[in-house]
Amino acid sequence: MKKPTLIIGKKHIIMTCLTLMLAIAVYINYAAAPKIDTPDTKTVTAENDTVSYGETEFVNAETESVNASGKDYFAQARLDKMNNRDTAVQTLQSIIGGGDITEDEMVMNALDAVEVSKLIESEGTIESLIKAQGFEDCVAYLDGSTAKVVVKTEGLDKAQAASIKEIILDETDVSAENIRIFEVK
């Protein structure tokens, strides 16, 4: 009977490096994501003015249909985008962890995983920068060659569209003709 040996081969080193790269990409995405502060009940007093933060509201209450449609759209869009990205990451992880693929295929799959994490990070950055421009809400979709942004606004003028397009061009390698901006009221 042959004794098993514990020799580390090229495949083991490549798999370890690819797994480490994926873990680093996920950590960078987590660290770069916008922080959501949970509101505490705090009262701030400044020169005879009292402001109360963190007041509660009954969340199961009926809302107006006009107000709910815009907010529901962005919440649903974010949820759908997150589910699609999670599915893509799980597929890539199962392919990377698969059995009989060559080293070149493993490297290509790892590069695809890194590309997906870069797209996720870029989407978050674009959304944050657009909100910083004064828009109430937005959702960005990137796929490498195209960019689509949905913005909540009462009316989008040319200057605002140009500033959104400039943000996308600065953050991605997407050409200007492949950028689409949609507005939701």
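Bear in mind that the values here come from a model prediction, so they are computed numbers and not experimental data.
Atom OH of Y27 sits in a sparse spot, with 12 or fewer heavy atoms from other residues, nucleotides or ligands closer than 6.0 Å.
Here CG of L18 is found 12.0 Å from CE of M108. Values are rounded to the nearest 0.5 Å. Once rounded to the nearest 0.5 Å, the distance linking NZ of K118 with OG1 of T172 reads 13.0 Å. The OG atom of S117 sits 11.0 Å away from atom CG of D112, with the distance rounded to the nearest 0.5 Å. Rounding to the nearest 0.5 Å places CD1 of I168 at 11.0 Å from CG of N178. In this structure, OG1 in T19 is found 11.0 Å from CD1 in I24, a value given to the nearest 0.5 Å. To the nearest 0.5 Å, the span separating OG on S163 from CG on D157 amounts to 8.5 Å.
Under the 4.5 Å side-chain heavy-atom criterion for ILVMFWY residues, a single connected hydrophobic cluster contains both L142 and I179. Both V149 and L156 are members of a single hydrophobic cluster when ILVMFWY side chains are connected at heavy-atom separations under 4.5 Å. The same ILVMFWY cluster, assembled from side-chain heavy atoms under 4.5 Å apart, contains both L129 and V151. Side-chain heavy atoms closer than 4.5 Å link hydrophobic residues (I, L, V, M, F, W, Y) into clusters, and following such links, even through other members, never connects L20 to L22. Both L169 and I167 are assigned to one and the same hydrophobic cluster, defined by single-linkage of ILVMFWY side chains at heavy-atom distances under 4.5 Å.
Applying the side chain to side chain donor-acceptor pair (under 3.5 Å) test to every pair with at least one member in residues 125-134, sequence neighbours left out, gives these pairs: K81-E127.
For the pair V150 and Y141, the minimum side-chain heavy-atom distance is below 4.5 Å. The closest side-chain heavy-atom distance from T146 to R180 is not below 4.5 Å. Between Q76 and D80 there is a side-chain heavy-atom pair separated by less than 4.5 Å.
Not a single donor-acceptor pair under 3.5 Å links the side chain of D137 to the backbone N or O of K152. When atom types are taken as modelled, the side chain of E171 and the backbone of I126 share no donor-acceptor pair closer than 3.5 angstrom.
Partner I181 forms a side-chain contact (heavy atoms from CB on, under 4.5 Å) with one of T153, I164, I130 and no other, that one being I164.
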Step-by-step side chain to side chain contact (heavy atoms under 4.5 Å, CB included) determination, E115 to L119
CA-CA 6 Å; E115 185 64 30; L119 289 175; 4.2 Å; yes
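Remark: I120 pairs with N29, R85, V116 by the side-chain contact (heavy atoms from CB on, under 4.5 Å) rule, at least two apart or across chains.
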